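Only this structure's heavy atoms are used, side chains among them; waters, hydrogens and symmetry mates stay out. Numbered from 1 within each chain, the chains take letters A, B, ... in sequence-line order. Because the structure is a prediction, the values reported are computed rather than measured.
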Amino acid sequence: MRAPGDGHGIMAGDVLLAVDGVSLSFGGVKAITDVSFDIRKGEIRAIIGPNGAGKTSMLNVINGFYHPQKGRITFKGEMRRRMRPYEAASQGIARTFQNVALFKGMSTIDNIMAGRTLKMHENFFWQCLRHGPAMREEVEHRRFVEEIIDFLEIQAIRKTPVGKLPYGLQKRVELGRALAMEPELLLLDEPMAGMNLEEKEDMSRFIVDVNNQYGTTIALIEHDIGVVMDLSDRVVVLEYGRKIADGSPAEVSSDQAVIDAYLGVPH
Amino acid sequence: MFYREAGQFKTSYAADMAVFPIRQDRIGLAVILMIAFVGIPLFGNQFFLSSVMIPFLVFSLAAIGLNILTGYTGLISLGTAAFMGVGAYACYKLTTFFPDVNLIVWILASGFVSALVGVLFGLPSLRIKGFYLAVATLAAQFFLQWSFVRVPWLYNYNTSGAIEVPEHDLFGIPITGPNALPETRYLVLLTIVTVLTWFASNLIHGRIGRAWMAVRDMDIAAELMGIKLLDTKLLAFAVSSFYAGVAGACMVFLWYGSAEPEVFTINQSFLILFMVIIGGLGSLLGSFLGAALIYMLPIALRVLPASLGVPIAAATVEHLQFIIVGALIIFFLIVEPHGLARLWQTGKQKLRMWPFPY
């Protein structure tokens, strides 16, 4: 696998994605209020906060599933008010979901191959014949998918329908499906929710490896503070849809507003 | 024991990605095709060919069409018969305009007409799902059926309101009309069904099929991965209606020889939906098995008492048919809700393990 994002002129450390004054509400419910932060190329950026703080909504805004009422999002230097999911995906934003959102009736290979859809272009005619260019394309992408399968150590479950897999492996396949898109920005929504210690350790290792080997920028929502402190370069903290802190893990963990948000305020 | 892939090693991804990666399956398919193309036309009698095999193939083709839409893309449709009708009437009009062009061309062309109509009625599918979409496709069913009766242009202003199929040749051999032998009609139909099944299987195993199944299993995730929902769903509608249209054209031209609008009613749509559900949603094999069960079982029930010499009145047979078919449907839905195709898979697994339990 080559490092994604080469040749776009954005170097490690530059701002890859900037969220500027974003507000999102559903009717009278304000999910996000005037939040600004940025994600730099090559970093692991954690988004934390208590339940209902607007973390998942933030991810949904970033990949175009929700359209914020106010604010701007700049990705790779291009500002846009509204981003459609298709555009986000084709520009290199991939994500995993809080509740596993795999294609349950399909095998592990087919799930990850589905992540390659945007990279496959052979036309309907050749697809009907499944010979010549269409088959060459299939094989070429299968090779890429096999590399991901090796990387995530899921060789044994290649052909198992994902609906039959245990939860931890499903999370791993979902990560594989996102990686198949060769994303520049990978959004992980609670990748370790409901996992035991070993599974968390495995998943942490994969996240760090993805970041190191492929230089993929990662935005991570996670409730396990230990994991967040160990993995992330910078942390943004949301509470009730507002940003209350932003900085290195050490700065954030000693921030009084964050401590208050998590532990409560003495009365 | 009997069905074991041990020792069959794949040395390339292409071999591993074949539709039938196991040698026994390939041999089985070859045997079935040999029987279908050589054995049945040689040894089948007139009744078996024209009243069993030809209808079975027509329904299989329609069931494949509906399976692409409902089984693979997860969009329920109750308009299959109407799309078959579109194919039939389109083919009829095209052959009256250009009678000298090869009929096969027009059968396929009428599939495209049906695909176009299918896309039109598929447009609401972006916004509505499940039962609500099923109701929206009912609109297609009723509107199109109404057109077949009320637009006389479609049946060339016949006083009877029915369409009659004139004689057509393929390489000098009549394939439609009263002079066409059942063997030739059967072989023409079998060729069409075989080729279209192969196309469907190829589509399903490639990028397009994965996009369809992704939309079926988790449309939000599919959308965020860059699969365009509307395009994917409309393509499914187009391909599905194409298959239904070709099936409809074949039904009138190669089976009935003439047709009235009553052929393409909602009952027919439900019949095909039952074939898909009982055969197995999301399985091409299931489309054939479902068509076989729903269509051939009544025939078997009708023929069996007569051949055993049991004296039963025709009306009683008819009633018995309804009871038994209904009971079987309920039985299958309880015992194997994933259809006959899953039953076949389980059977293969058992054969692989035999004589050991696991």
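Highest contact tally toward chain B, considering only A:E137, A:M106, A:K104, A:R95, is held by A:M106 [criterion: heavy-atom pairs under 4.5 Å]. With chain B as partner, the option from A:R136, A:R177, A:M135 having the largest number of non-hydrogen pairs under 4.5 angstrom is A:R177. Options B:G206, B:A214, B:A222, B:A211 differ in how many heavy-atom pairs under 4.5 Å they form with chain A, and the most are formed by B:A214.
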query: Would A:E138 and B:R210 satisfy salt bridge (charged side-chain N to carboxylate O under 4.0 Å, His left out), going step by step from the backbone distance to the final call?
result: CA-CA 12 Å; A:E138 281 281 291; B:R210 283 191 296 269; 2.8 Å; yes

field: side chain to side chain contact (heavy atoms under 4.5 Å, CB included) between B:L229 and A:Y86, worked out
entry: CA-CA 9 Å; B:L229 290 189; A:Y86 172 79; over 6 Å; no

task: Go through the steps for A:F65 and B:E223 under the test side chain to side chain contact (heavy atoms under 4.5 Å, CB included), then give the verdict.
output: CA-CA 9 Å; A:F65 195 63; B:E223 197 181 5; 3.7 Å; yes

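Within a 6.0 Å sphere centred on CZ of B:R23, other residues, nucleotides and ligands contribute 12 heavy atoms or fewer. Within 6.0 Å of CZ in B:F112 there are 12 or fewer heavy atoms belonging to other residues, nucleotides or ligands. In the displayed structure, B:I220 atom CD1 is contacted under 6.0 Å by at most 12 heavy atoms of other residues, nucleotides or ligands. For B:K10, the NZ atom is densely surrounded, since the number of other residues' heavy atoms within 6.0 Å is greater than 12. Atom CH2 of B:W344 has 12 or fewer neighbouring heavy atoms from other residues, nucleotides or ligands inside a 6.0 Å radius. Residue-environment remark: CZ (B:F131) stays at or below the threshold of 12 foreign heavy atoms within 6.0 Å.
Taking both residues in full, the closest heavy atoms of B:M17 and A:R130 are given as O-NH2, 2.9 Å, listed atom of the first, atom of the second, then distance. Annotation for B:M225 and A:F103: closest pair SD-CZ, 3.8 Å, computed over non-hydrogen atoms. The two residues A:A101 and B:A221 come nearest to each other via the heavy atoms O-CB, 3.5 Å. Closest of all the heavy-atom pairs between A:C128 and B:N202 is O-ND2, 2.6 Å.
With a 4.5 angstrom heavy-atom cutoff, A:L102 touches chain B only via backbone atoms. Looking at B:I204, neither its backbone nor its side chain comes within 4.5 Å of chain A, counting heavy atoms on both sides. In this structure, chain B has heavy atoms under 4.5 Å from both the backbone and the side chain of A:T117. Residue contact with chain A, scored on non-hydrogen atoms closer than 4.5 Å, is absent for B:V215. Of the two parts of B:A200, neither the backbone nor the side chain holds a non-hydrogen atom closer than 4.5 Å to a non-hydrogen atom of chain A. Using a 4.5 Å cut-off between heavy atoms, A:E174 makes no contact with chain B at all. Heavy-atom distances place no part of A:V162 under 4.5 Å from chain B, backbone and side chain included. At a 4.5 Å heavy-atom cutoff, B:A15 makes no contact with chain A through either its backbone or its side chain. Both the backbone and the side chain of A:A114 have a heavy atom closer than 4.5 Å to some heavy atom of chain B. For A:R84, no part lies near chain B; criterion is any non-hydrogen pair under 4.5 Å. The parts of A:M120 that come within reach of chain B are both its backbone and its side chain, each placing non-hydrogen atoms under 4.5 angstrom from that chain. A:H141 does not touch chain B: none of its heavy atoms, backbone or side chain, sits under 4.5 Å away. Of the atoms belonging to A:M181, it is side-chain heavy atoms, and not backbone ones, that fall under 4.5 Å from chain B.
Salt bridge present: A:K159 and B:D16 bring a charged side-chain N and a carboxylate O closer than 4.0 Å.
B:L203 contributes atom CG, which lies 7.0 Å from atom CD of A:Q127 (distance to the nearest 0.5 angstrom). Here the CG atom belonging to A:L129 is positioned 5.5 Å from the CZ atom belonging to B:F199, to the nearest 0.5 angstrom. Distance check: B:L224 CG to A:I93 CD1 gives 10.5 Å after rounding to the nearest 0.5 Å.
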